[in-house]
2 protein chains.
Amino acid sequence: MNKLPERIRIKDIARLADVSVGTVDRVLHGRTGVSEASRKRVEEILKQLDYQPNMYASALASNKKYLFVCLLPQHKEGDYWTDVELGMKRAVETFSDFHITLSVMYYDQYEYSSFINAGEEILKQEPDGVLLAPTIPEMTARFTDKLQEREIPYIFIDSNVSSLNPLAFFGQKSDQSGYFAARMAMMLGECPKEIVIFRQINEGRLGSNQQENREKGFRKYMQEHFPDCKIVELNLYAKRPDEDEALMNRFFQENPQITCGITFNSKVYIIGEYLIGHNLKNFKLIGYDLLRRNVSCLKEGAVDFLIAQQPTAQGYSGVESLCNHLIFKKEVKQCNYMPITLLAVENVDFYLDAHKK
Amino acid sequence: MNKLPERIRIKDIARLADVSVGTVDRVLHGRTGVSEASRKRVEEILKQLDYQPNMYASALASNKKYLFVCLLPQHKEGDYWTDVELGMKRAVETFSDFHITLSVMYYDQYEYSSFINAGEEILKQEPDGVLLAPTIPEMTARFTDKLQEREIPYIFIDSNVSSLNPLAFFGQKSDQSGYFAARMAMMLGECPKEIVIFRQINEGRLGSNQQENREKGFRKYMQEHFPDCKIVELNLYAKRPDEDEALMNRFFQENPQITCGITFNSKVYIIGEYLIGHNLKNFKLIGYDLLRRNVSCLKEGAVDFLIAQQPTAQGYSGVESLCNHLIFKKEVKQCNYMPITLLAVENVDFYLDAHKK
DNA sequence: CTGTTAGCGCCTTCAG
DNA sequence: CTGAAGGCGCTAACAG
């Protein structure tokens, strides 16, 4: 009459295998110093009883420390990356009893060398896990190769380079996101004859492959459903605001017939605020991400829809994945697409970017 | 040189207050048997150092058991409530190391007495916390009064009766949800002259106040923005399918000019499948909730939009709140509106009902 | 190769 | 009113 408790403990399986808890612990952690016979017997019982360790007790006893470091583009407060960072910090708080620490580093998106330097710096810290946004795919490989050598797991946030084999990726499927945006834009604009894409160019380059992929998806939808709709482009240069102003002045004067536009970066407020400033109503506008200024535009009616991608949830999940992998020994899904969420003034107040609040 | 560790422990504050850990533990839990002097000294240091207990160690040591019970409407597999229940079970798994158990009970939404009986049954179990969907507001008060007497916290899921003062509520703001749905419907239908509301009547009553409130919000939007659009109603009776068929036959024959419809309950598939069966294209349709059959209709183009309310997240959060309140002693927010999410065939695959997968 | 033991931070008796 | 001691499930060091 060996009554087993609801939750099986090491002690229980030790008794059943007729060994000591020490031995069970050794096989659980794949350590050496166990005879083949004992190991087999223990493993047998382990899976027969579907033993689930109490990770809290484990963490308590082991007292192991974990250092995670994340590498993000430099950004200003209120920017998109702020929320990603917030999510990571939330996760660190949540798992603080497991002794994890997060060190955050930044690089200049338009300066390759700063990415390289940051990478070196990180390796010196000998982290247990790394999170990064692979906004510069060419440079990322050189860094992740070294991480792989050292067997340090790494997580991609926001955009993916699946060939680099991260432990996990969290971000939107950007082409599909643009595809969806196209449908909404055409519905919003009541099937306009022309539509404009506002682009943002920095240092002569599109800021991210995200922007590029969304546009691709957008064009795919248009091709499939509205091949006759003319797609116009207007390039803006966020670092020279007066120049942007002039470009928009010219554009809106020369194209009064265009009444619908979209932007695939997170700065739709640049256009929204321009519309407000110039009292241009009746222009339908769609953008991405819930930056404060974007939301203001939405509430004032200058922006009609915002598409959200839950940056905070991305950051949180990234850290959580590292914990699952390193601490809880749970399997983590490699490709995690975030929801593509449409926000209008009527539902934006209930938007839930998990863990942001 | 008293170096304090990063994470303050009971031992540390005991030393600083010049008492034993036992005494600190006593003041932490507000137990009797501590002199006023000691209590004050300990409390002082406690908040000065912002002591945060290690809840995992605490749970490990205390070995306390918690029983939660939830009361939901009877439902079939695949129904809306299935997902709510799933979320609760996920949460129980997540917190299983804290020794929580969940007992699920059901009542017949159309039989008051079954709600009463279930309530009695629950009280007998002496649970530590209760979760329920107050779909029958009149009956709910009688039950929650008794819970309040016994100081058993309770959570409302799906719909709210804030006057009954639950520990927390998780669900959509239903009128706003209908308001948003109206905007989307009008956009989708390209400002139709007429629109139809498909209602579902059971035993002579609308299944839920949810359905009613959404319709109210819908009508509010229409009043404000399209007062000239005619709103037609068609009542269906889910329990008699052939009758429904006849009603729809008649409706679509008599109203060929109506090309846009909406339903505020979770069974839009009834109309969607009818449209498919009768090969009626070009009818624009919006509904609620991601039941499998609804999603099929969405993918086949018979339904254009579904509005989701994250039932699994609701259930999960409900159980989580009880844990936060009872075990972690964290404050829980009372009113938690769920996001109002628009799903179309282009983005439904990425819909994230937290903890469902 | 294996068992024993002393903690991890906290809670709960039990003496005093 | 207070302190000391044993134990929650697990880890890791130490004997043997």
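So that the names make sense, note that chain A is the first sequence line, chain B the second, and so on, each numbered from 1. This structure is a prediction, so every number in the text was calculated from the model and none was measured.
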Which part of the nucleic acid, if any, lies within contact of B:V19, taking any heavy atom under 4.0 Å across all strands shown: a base, the sugar-phosphate backbone alone, or nothing?
sugar-phosphate
Quick one: which of C:dC11, D:dT2, D:dC10 gets closest to the side chain of A:A61?
D:dC10
Residue pair A:K11/A:A59 against DNA chain D: nearer the 5' end by closest nucleotide is A:K11
Side chain of B:N63 only, please: which of D:dC10, D:dC8, C:dG9 is the nearest?
D:dC8
From NZ of B:K65 over to P of C:dT12, roughly how many Å is that when rounded to an integer?
12 Å
note: A:N54, atom CG; D:dG7, atom C1'; distance rounded to Å ~ 14 Å
What is the distance, rounded to the nearest whole Å, between atom CD1 of B:I13 and atom C1' of C:dC10?
12 Å
Would you say the side chains of B:Q334 and B:N165 form a donor-acceptor pair under 3.5 Å?
yes
Rounded to whole Å, how long is the line connecting atom CD1 of B:I10 with atom P of C:dT12?
11 Å
Is it true that B:R26 and B:S38 share a donor-acceptor pair across their side chains at a distance under 3.5 Å?
no
Grab the CZ-C1' distance between B:F98 and C:dC11 for me, whole Å please.
15 Å
N or O in side chain of A:S62 less than 4.0 angstrom from D:dT11 OP1/OP2:
no
Atom-to-atom span, NE2 of A:H99 to P of D:dT11 - whole angstrom
14 Å
Quick one: on DNA chain D, does A:S58 or B:L60 contact a more 5' nucleotide (nearest heavy atom)?
B:L60
Between B:S317 (side chain) and B:Q314 (backbone), is there a donor-acceptor pair under 3.5 Å?
no
OP1 or OP2 of D:dC10 less than 4.0 angstrom from a side-chain nitrogen or oxygen of A:Y51, does that happen here?
yes
Do A:C335 and A:S162 make a side-chain contact, defined as non-hydrogen atoms from C-beta onward lying under 4.5 Å apart?
no
Take atom CD1 of A:I327 and atom P of D:dT11, then tell me their distance rounded to the nearest Å.
13 Å
DNA chain C contacts made by residues 24-44 of chain A, counting heavy atoms under 4.0 Å
A:R26, A:G33, A:V34, A:S35, A:S38
Do A:L49 and A:L16 touch side chain to side chain, with heavy atoms closer than 4.5 Å?
yes
For A:A57, does its backbone N or O pair with a side-chain atom of A:N54 as donor and acceptor, under 3.5 Å?
yes
Taking atom P of D:dG9 as reference, at what distance in whole Å does atom CG of B:D97 sit?
11 Å
The ring pair (Phe, Tyr, Trp, His ring centres under 6.0 Å) partners of B:F156 (sequence neighbours excluded) come to B:Y154
Under 4.0 angstrom between B:T23 side-chain N/O and D:dC1 OP1 or OP2:
no
